[in-house]
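Comments concern the structure below.
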Protein chains: 2
Amino acid sequence: MKKPTIKDVAKLAEVSFKTVSRVVNNEESVSEQVRARVQEAIKKLNYQPNHTARLMRKAPFSLAFVYDNPNSHYVIQMQNGIISQCRAKGFELVIHPTDSKSEEVGKELAAMIGSKQIGGVILTPPLSENRELLTYLLNHDAKVVRILSGAEAPDALAPVVYVDDIDAGEKMTQYLLQQGHQQIAFLGYHPAHESSKGRLRGYQLAHDNANISVDRNLIIDGEFTFESGMQMTKRLLAQPKLPTAIFACNDEIAAGAVFMCRLQGYKIPEDISIVGFENSPFSLQTWPPLTTVNQPNVEIAARAAAMVIDMMQDDKNHTVESCGFQLDLVLRDSVCAPNNTPD
Amino acid sequence: MKKPTIKDVAKLAEVSFKTVSRVVNNEESVSEQVRARVQEAIKKLNYQPNHTARLMRKAPFSLAFVYDNPNSHYVIQMQNGIISQCRAKGFELVIHPTDSKSEEVGKELAAMIGSKQIGGVILTPPLSENRELLTYLLNHDAKVVRILSGAEAPDALAPVVYVDDIDAGEKMTQYLLQQGHQQIAFLGYHPAHESSKGRLRGYQLAHDNANISVDRNLIIDGEFTFESGMQMTKRLLAQPKLPTAIFACNDEIAAGAVFMCRLQGYKIPEDISIVGFENSPFSLQTWPPLTTVNQPNVEIAARAAAMVIDMMQDDKNHTVESCGFQLDLVLRDSVCAPNNTPD
DNA sequence: TTTTATCTTGTCAACGTTGTCAAATTGAAT
DNA sequence: ATTCAATTTGACAACGTTGACAAGATAAAA
């Protein structure tokens, strides 16, 4: 049994197929009588308009989510946020994992956009930080929205959803300072990682505001992984002056820190308070559960999707405003006031 | 500047647009001269064939990945496996997260398949376990491939990619037995979780083969989470007879077990060996890294995708064979021979 | 040279929808 | 009744591509 087309419905309802089209698209000028008859026919035949054929006549109805990120949870959250918008507004999502280090990303994306009738693109870090890629895409007249976070104010080439890492880093550090911590280590600064820069900047800012000077020895460089978290913590704990709290640049590092501290016999949070960043599942994959910063990725992605869709639908090319997200702390049990001042 | 169509290319190359189509589709009967001229024109105009219009004439070129799974890493791996096949074979992937508990899943999926010209569907647990959904989809003549794992032999309604949990559970248990463990606890049996049944079955089998009877008290029910892992381990450790090894039903449980053991002062693996299942990032999110079972999700998904594509392309409806995957152990440092026999 | 076979190219319809515009119908006002 | 406007409906082209088939060009055989 073939899939019914609009013409089959028309025949059954004894109207022209154009009228069926009108009913399907909820257009005004159809009498109630006819509308009812057509709707009945639609139901009887179980007719579904052909998305593909539709696309050919109308403006593009697809947007692409381009990413190159090893963090599954992040990607899925993004995806979900975008899909929610797509479903609400009848758009199609094309996911496009790629390799940000490849020379060909630009071409590859342009090709995809061209062939798949894609109207808009959402870029996440680190792809969204690639200025060349962005201009390349803009030159191939794609509508682009970038999701960015970090210390640099984003340029104005295209609308951005900006995550305020500086503010969040500051809030978290402030919180630790308020708890009475004065020796706060910072784990996981990485020059290639924009977010880490922002978070460190906030850390610094909070110290400045409190008139407390930062001990450079407490800032340790490393990767955003559990393994690296353990290594960094080991190095940290080998130093003469012990911190009373650790601000880890993400939850995985924090989990590694928790582990290493325990291995060396420190109690968490009694001996050392530890906080993470991201509110990922990893923040609950340790004990006690980590105080962390919530990144509302689903909302962020939904916002970005709404923006691209807006840009696609808007003919007159009115500029879509960038927007910023402030992050909130998630207080759990990995922090307490410092009891013993380490010597 | 408008997107160039096949006709623009034709005009530039001074041939009919049909000839361009032939060049684009790499058909035989085009003279080298003309082909070169057309290709040049294509390059000059940066022409990309319109995927959408193509779809309208040809057989469906899209397949859907339907899932309802809280495990981001799993979903991403699946997605990647499927995408690899789609790219290789020029297919389009539509991802469709859904709610398996909803009454409407079937209708929802049928609607999606109908409207988006989807030729095939890949189902993962728990959706793939839903017989009703499957028959519903088959009745709406969709091509379906299911990814399944567990203790039940899958029915023959549609081709299946089957993950042999029983065998894997048996292998892992055998390994622990070979290390000299006799008191092996099993954490995370859950009646609603097919995989856990299979793994437990394998655990039982290995004991049977070794002529060792299983102590029912060592089998603890629970969820597939870190939190539950901690709880179960707490219960386990409260029992008079301590195990020398713990077989956790997945890595998160195992990580929880590691944590709880440590909290109670047991050393891993010296006092208690612990193994997980899945080889997820969580298995490295603890210390020591977990011995676990590798689930080659990317390959599994790629296989499933290849199968659906096969079914879609094959007109004569030849039956695609189901296939099974055997899993392999990943030996890391969370296991050693039991030193002290607990009393 | 003519015929035939083969290879290359072109013409046109079709896919399922929406946009444009004209035709038919309705209803109100004269 | 007649006219006019407003509403409802329909005919047809168009979107960018591929498939079926016909036409033209070329090469080989007569």
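In what follows, chains carry the letters A, B, and so on, assigned in the order in which the sequence lines appear, proteins first and then strands, with residues in each chain numbered from 1. Note that this is a predicted model, so its numbers are computed, not measured.
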Check side chain to side chain contact (heavy atoms under 4.5 Å, CB included) between A:His73 and all other residues, then give those that pass, not counting sequence neighbours.
A:Asn71, A:Gln77, A:Ser280, A:Pro281, B:Ser72
Between P of C:dC15 and CG of A:Leu55, the distance in whole Å:
19 Å
Using nucleotides 5-11 of chain D, report all nitrogen or oxygen pairs with the protein that are shorter than 3.5 Å.
| residue | atom | partner | partner atom | Å |
| --- | --- | --- | --- | --- |
| D:dT9 | OP1 | A:Ser31 | OG | 3.0 |
| D:dT9 | OP2 | A:Ser31 | N | 2.9 |
| D:dG10 | OP2 | A:Ser16 | N | 2.8 |
| D:dG10 | OP2 | A:Ser16 | OG | 3.1 |
| D:dG10 | OP2 | A:Thr19 | OG1 | 2.6 |
| D:dG10 | N7 | A:Arg22 | NH2 | 2.5 |
| D:dG10 | O6 | A:Arg22 | NH1 | 3.4 |
| D:dG10 | O6 | A:Arg22 | NH2 | 3.3 |

If you look only at pairs with a residue in residues 16-26 of chain A, which of them pass as a side chain to side chain donor-acceptor pair (under 3.5 Å), with sequence neighbours excluded?
A:Ser16-A:Thr19, A:Asn25-A:Arg54
Once you round it to whole Å, what is the distance between P of C:dA14 and CE of B:Met56?
13 Å
With respect to the phosphate group of D:dC15, does any side-chain polar atom (N or O) of B:Asn50 fall under 4.0 Å of OP1 or OP2?
no
Atom-to-atom span, NZ of B:Lys7 to P of C:dG10 - whole angstrom:
14 Å
Within this structure, what is the CG-to-P distance between B:Leu45 and D:dG16, rounded to whole angstrom?
14 Å
With sequence neighbours left out, the residues meeting ring-ring contact (aromatic ring centres under 6.0 Å, His included) with A:Phe91 are A:Phe61
Specify the separation, in whole Å, of atom CZ of A:Arg54 and atom P of D:dG16.
19 Å
Heavy-atom pair of closest approach, residues B:Lys89 and B:Ala306
NZ-CB, 3.9 Å
Take the protein atom CD of B:Gln48 and the nucleotide atom C1' of D:dT17, then report the distance between them rounded to whole Å.
15 Å
Side chains of residues 102-112 of chain B: which donor-acceptor pairs under 3.5 Å do they make with residues two or more places apart or in other chains?
| residue | atom | partner | partner atom | Å |
| --- | --- | --- | --- | --- |
| B:Ser102 | OG | B:Glu104 | N | 2.8 |
| B:Glu108 | OE1 | B:Thr98 | OG1 | 3.3 |
| B:Glu108 | OE2 | B:His96 | NE2 | 2.6 |
| B:Glu108 | OE2 | B:Thr98 | OG1 | 3.0 |

Run the salt bridge (charged side-chain N to carboxylate O under 4.0 Å, His left out) test against B:Glu32 and tell me which residues pass, sequence neighbours left out.
B:Arg35
